[in-house]
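Have a look at the structure below before the remarks.
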Number of protein chains: 2
Amino acid sequence: MQPDRAQPDLELVHLLRATAVELGLHSSRFAQQNGMHPTDVRALIALMDARRAGEETTAGRLGATLGLNSAGTTALLDRLERAGHVRRVRAASDRRKVVVEVTDGAVGLGWAFFGPLIERSVELLRGYDAHQRAAIREFLDGVREAAAEGGHTAPG
Amino acid sequence: MQPDRAQPDLELVHLLRATAVELGLHSSRFAQQNGMHPTDVRALIALMDARRAGEETTAGRLGATLGLNSAGTTALLDRLERAGHVRRVRAASDRRKVVVEVTDGAVGLGWAFFGPLIERSVELLRGYDAHQRAAIREFLDGVREAAAEGGHTAPG
DNA sequence: GGCGAATATCTTGCTCAACGAGATAATAAG
DNA sequence: CTTATTATCTCGTTGAGCAAGATATTCGCC
């Protein structure tokens with residue numbers, strides 16, 4: 001297991017890592033441009049993912065997804081609400097619960113920033129045939145699973 | 001540009017993002033298992049990358065890479081040195097500079113944790129032909145470049 | 001060779017995200 | 001109606017990172 005084998009496959013693995021890093025930095029820029037912290041962006045993404053899946057997100061569930069304790073989750077929601085990115089709504093069914101709703105403004109902000117990147121990615125994918133897309137899908141899914149082994153943070 | 005189009009290409013973009021997130025969480029677990037913070041792991045990775053490329057890394061250069069100011073960089077190096085992951089060595093040519101060296105222990109720690117994931121990734125890649133690998137490489141590289149482009153402006 | 005400017009790192013004092021512990025409010029069980 | 005459970009919030013503390021400035025080394029100039 002030498003660290004420096006000039007192997008084409010290893011180069012691709014490094015490229016995947018570099019891409020992951022660059023995506024993280026892209027999110028950081030979004031955070032900084034809007035006076036937010038990385039955690040705030042992660043929270044908004046988690047909330048939008050849940051919304052896309054048609055699920056309600058409570059404060060506790062969001063905190064668990066992000067790996068925050070209750071105090072941190074409260075502070076996070078305070079920041080996001082103060083900035084107008086989310087609304088706290090007491091659940092009608094169980095009034096202990098606080099359902100977190102993303103505002104339209106935050107959704108628009110996210111699309112304006114991440115939209116171009118997503119569109120560019122889709123455009124890139126159009127250039128490949130079914131065989132190639134299957135390879136991309138399988139490779140990414142395989143790496144994702146391998147990385148997820150040994151500790152699970154429940155997705156939304 | 002609706003957020004919820006059930007489009008195969010969009011699914012692949014989401015998969016890439018999910019993979020990037022999972023790789024980030026994998027690094028976080030490494031950090032937590034070794035009593036480190038995310039920044040410390042980023043620093044070690046940057047140092048090992050530089051070493052792989054045969055470059056010396058000074059304190060200032062490392063801080064610039066990570067986006068830390070000098071105070072933060074000093075504190076980071078204090079943590080890493082206290083934990084035995086790096087050594088500070090005054091450069092012989094310019095004794096103002098501090099060259100940061102990763103210890104063998106830290107390298108071993110990193111390989112023990114990230115090695116299996118890298119090997120699994122290489123193994124996955126062996127299953128694809130040149131055509132498919134080219135697609136993976138081009139797609140990842142294209143997304144990386146798109147994400148690296150700074151000029152995305154959010155609406156006011 | 002000595003002096004001031006430039007460079008690289010470290011020190012000090014502060015801010016704020018996140019933690020632990022526990023309070024408060026609402027629901028569920030007996 | 002009383003007690004246990006669940007969901008969120010409050011209070012006090014820790015520590016990563018920042019801004020500003022101190023310290024140490026090198027370079028340019030004469």
Side-chain angles (χ1 to χ4, degrees), chain A residues 24-25 27-32 34-47 50 55-83 85-101 153-154, chain B residues 24-25 27-32 34-47 50 55-83 85-101:
Chain A
L25 291 175
S27 285
S28 295
R29 281 193 292 276
F30 175 70
Q32 203 156 13
N34 296 283
M36 299 165 68
H37 298 264
T39 301
D40 304 41
V41 180
R42 286 177 58 210
L44 285 181
I45 291 175
L47 288 168
E55 293 168 2
E56 282 192 336
T57 305
T58 64
R61 184 154 189 71
L62 177 63
T65 301
L66 301 177
L68 296 181
N69 71 2
S70 63
T73 303
T74 297
L76 166 71
L77 290 178
D78 285 349
R79 289 196 302 274
L80 290 176
E81 194 165 46
R82 206 180 312 124
H85 297 319
V86 305
R87 266 187 305 271
R88 278 173 164 110
V89 181
R90 284 278 169 189
S93 60
D94 183 343
R95 290 182 48 77
R96 293 170 304 183
K97 292 183 181 173
V98 167
V99 175
V100 184
E101 291 177 355
T153 307
Chain B
L25 291 174
S27 284
S28 295
R29 282 193 291 276
F30 175 70
Q32 203 156 14
N34 296 283
M36 298 164 69
H37 298 265
T39 300
D40 304 43
V41 179
R42 286 177 58 210
L44 286 180
I45 290 175
L47 288 168
E55 294 167 2
E56 281 193 337
T57 306
T58 64
R61 183 156 189 72
L62 178 63
T65 301
L66 301 177
L68 296 181
N69 71 1
S70 64
T73 303
T74 297
L76 166 70
L77 290 178
D78 285 349
R79 290 197 300 274
L80 290 176
E81 195 165 43
R82 205 180 313 125
H85 297 319
V86 305
R87 265 186 306 270
R88 278 173 164 110
V89 180
R90 284 278 168 187
S93 60
D94 183 344
R95 290 181 51 75
R96 292 171 302 184
K97 291 182 181 173
V98 167
V99 174
V100 185
E101 291 177 354

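We name chains A, B, ... by the order of the sequence lines, and we start the count at 1 in each one. Model, not experiment: these values are computed from the prediction.
- Among the heavy atoms of the strands, none lies under 4.0 Å from Gly63(B).
- With dC9(D), dC18(D), dT11(C) as the choices, the nucleotide that has an atom nearest any side-chain atom of Thr74(B) turns out to be dT11(C).
- One interatomic measurement links the two molecules: CG of Leu80(B) to P of dT9(C), which rounds to 15 Å at whole-angstrom precision.
- The shortest distance between the side-chain N/O atoms of Asn69(A) and the OP1/OP2 oxygens of dC19(C) is below 4.0 Å.
- Going from atom NZ of Lys97(A) over to atom C1' of dA26(C) covers 12 Å, rounded to whole Å.
- Counting to the nearest Å, the C1' atom of dA8(C) and the CG atom of Leu68(B) are 16 Å from each other.
- Summarising the geometry of Arg90(B) relative to Arg96(B), their closest heavy-atom pair is NH1-O, 2.8 Å, with the distance given to 0.1 Å.
- Per the geometry, CG belonging to Asp94(A) stands 16 Å off P belonging to dT5(D), to the nearest Å.
- Atoms CG (Leu77(A)) and P (dT10(D)) sit 12 Å apart, rounded to a whole Å.
- For dA18(C), the OP1/OP2 oxygens have a side-chain nitrogen or oxygen of Thr39(A) closer than 4.0 Å.
- Rounded to whole Å, atom C1' of dA16(D) lies 13 Å from atom CG of Leu66(B).
- In this structure, of dT8(D), dA20(D), dT26(D), it is dT8(D) that holds the atom nearest to the side chain of Arg90(A).
- Remark: P of dC18(D) and NE2 of His37(A) are 12 Å apart, rounded to the nearest angstrom.
- Arg79(B) places its CZ atom 13 Å from the C1' atom of dT14(D), with the value rounded to the nearest Å.
- Distances shorter than 4.0 Å separate some side-chain N or O of Arg88(B) from OP1 or OP2 on dC10(C).
- The closest side-chain heavy-atom distance from Leu76(B) to Arg79(B) is below 4.5 Å.
- Of the candidate nucleotides dT26(D), dT10(D), dT9(C), dT26(D) has the atom nearest to the side chain of Arg95(B).
- In this structure, Thr58(B) reaches the sugar-phosphate backbone alone: every heavy-atom distance under 4.0 Å involves primed, P, OP1 or OP2 atoms, never a base.
- For Ser70(A), the listed nucleotide lying nearest its side chain is dC9(D); candidates were dC9(D), dT9(C), dT25(D).
- Using a 4.0 Å heavy-atom criterion, one finds that Ala59(A) contacts the sugar-phosphate atoms exclusively.
- Partners of Gln32(A) by side-chain contact (heavy atoms from CB on, under 4.5 Å), not counting sequence neighbours: none found.
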